[in-house]
Amino acid sequence: MDIQIANTLFDEGIFSAMYKAGFITTKVFMYREIYLWVNAQQQTRGISKNQAVLEAEIKFNKDERTIWRALNCFSEKAA
């Protein structure tokens, strides 16, 4: 899923409505948060994606594979 579309759906409350209706799980919210956090760490601190993933493991208390799954669920729109 394109991260810009996901952010729009989140901002408009569509994800929340879908969650309340039982169409999606909290995993979508967690994966989006992980993706945004890792991306922010890369942008602001200039660290590699691998280093950001290792730090995300600690921050989110998830294993490395889960962090990579979250990153692979979203993509940037290709220019």
Side-chain angles (χ1 to χ4, degrees):
M1 173 181 276
D2 180 30
I3 192 64
Q4 284 83 15
I5 293 171
N7 287 337
T8 300
L9 294 173
F10 183 81
D11 292 342
E12 292 177 359
I14 295 172
F15 272 160
S16 294
M18 290 175 69
Y19 170 73
K20 288 176 187 173
F23 289 114
I24 60 173
T25 66
T26 57
K27 189 185 294 186
V28 174
F29 298 100
M30 180 187 63
Y31 277 16
R32 178 180 171 269
E33 184 177 348
I34 291 169
Y35 178 90
L36 294 174
W37 188 87
V38 168
N39 194 24
Q41 296 306 304
Q42 288 181 271
Q43 299 295 322
T44 58
R45 296 175 50 209
I47 61 176
S48 70
K49 185 179 258 188
N50 288 334
Q51 181 62 39
V53 166
L54 294 175
E55 292 179 14
E57 283 184 76
I58 296 165
K59 175 164 178 56
F60 293 99
N61 196 27
K62 302 291 180 194
D63 65 18
E64 182 178 358
R65 190 64 225 146
T66 300
I67 303 300
W68 282 111
R69 244 183 258 117
L71 297 177
N72 290 331
C73 281
F74 295 104
S75 63
E76 295 286 335
K77 188 175 267 186

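Atom OH of Y19 sits in a sparse spot, with 12 or fewer heavy atoms from other residues, nucleotides or ligands closer than 6.0 Å.
Both I5 and L71 are members of a single hydrophobic cluster when ILVMFWY side chains are connected at heavy-atom separations under 4.5 Å. In this structure, L9 is a member of the same hydrophobic cluster as F23, with clusters built from ILVMFWY side-chain heavy atoms closer than 4.5 Å. Under a hydrophobic clustering in which Ile, Leu, Val, Met, Phe, Trp and Tyr are joined whenever their side-chain heavy atoms come within less than 4.5 Å, directly or via other members, Y35 and I47 fall into different clusters.
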Practice task
Determine, stepwise, if the pair V53 / W68 fulfils side chain to side chain contact (heavy atoms under 4.5 Å, CB included).
Solution key: CA-CA 7 Å; V53 166; W68 282 111; 3.5 Å; yes

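T8 contributes a side-chain N or O that, together with a main-chain N or O of Q4, makes up a donor-acceptor pair within less than 3.5 Å.
What you find for S75 and D2 is that their closest heavy atoms are O-OD1, 3.2 Å. Shown here for A56 and V38, the closest heavy-atom pair between the two residues is CB-CG2, 3.9 Å.
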Could you list the donor-acceptor pairs under 3.5 angstrom formed by side chains in residues 10-18, with sequence neighbours left out?
none

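Put simply, CZ on R65 and CD on E57 are 11.5 Å apart, with the number rounded to the nearest 0.5 Å. Considering CG of N7 and CE of M1, their distance stands at 10.5 Å, rounded to 0.5 Å. Distance check, rounded to the nearest 0.5 Å: CD1 of I34 to CZ of F29 gives 14.0 Å. Interatomic distance, CG of N72 versus CD1 of I67, reported as 11.5 Å (0.5 Å rounding).
Evaluation of the salt bridge (charged side-chain N to carboxylate O under 4.0 Å, His left out) test over residues 18-31, restricted to residues two or more places apart or in two chains, returns none. Residues in residues 38-51 take part in these side chain to side chain donor-acceptor pair (under 3.5 Å) pairs, two or more places apart or across chains: Q41-R45, R45-E55, Q51-E55.
When the side-chain contact (heavy atoms from CB on, under 4.5 Å) test is applied to E33, the partners found at least two apart in sequence or on another chain are F60. Qualifying ring-ring contact (aromatic ring centres under 6.0 Å, His included) partners for Y31, counting only residues two or more places apart in sequence or in other chains: none.
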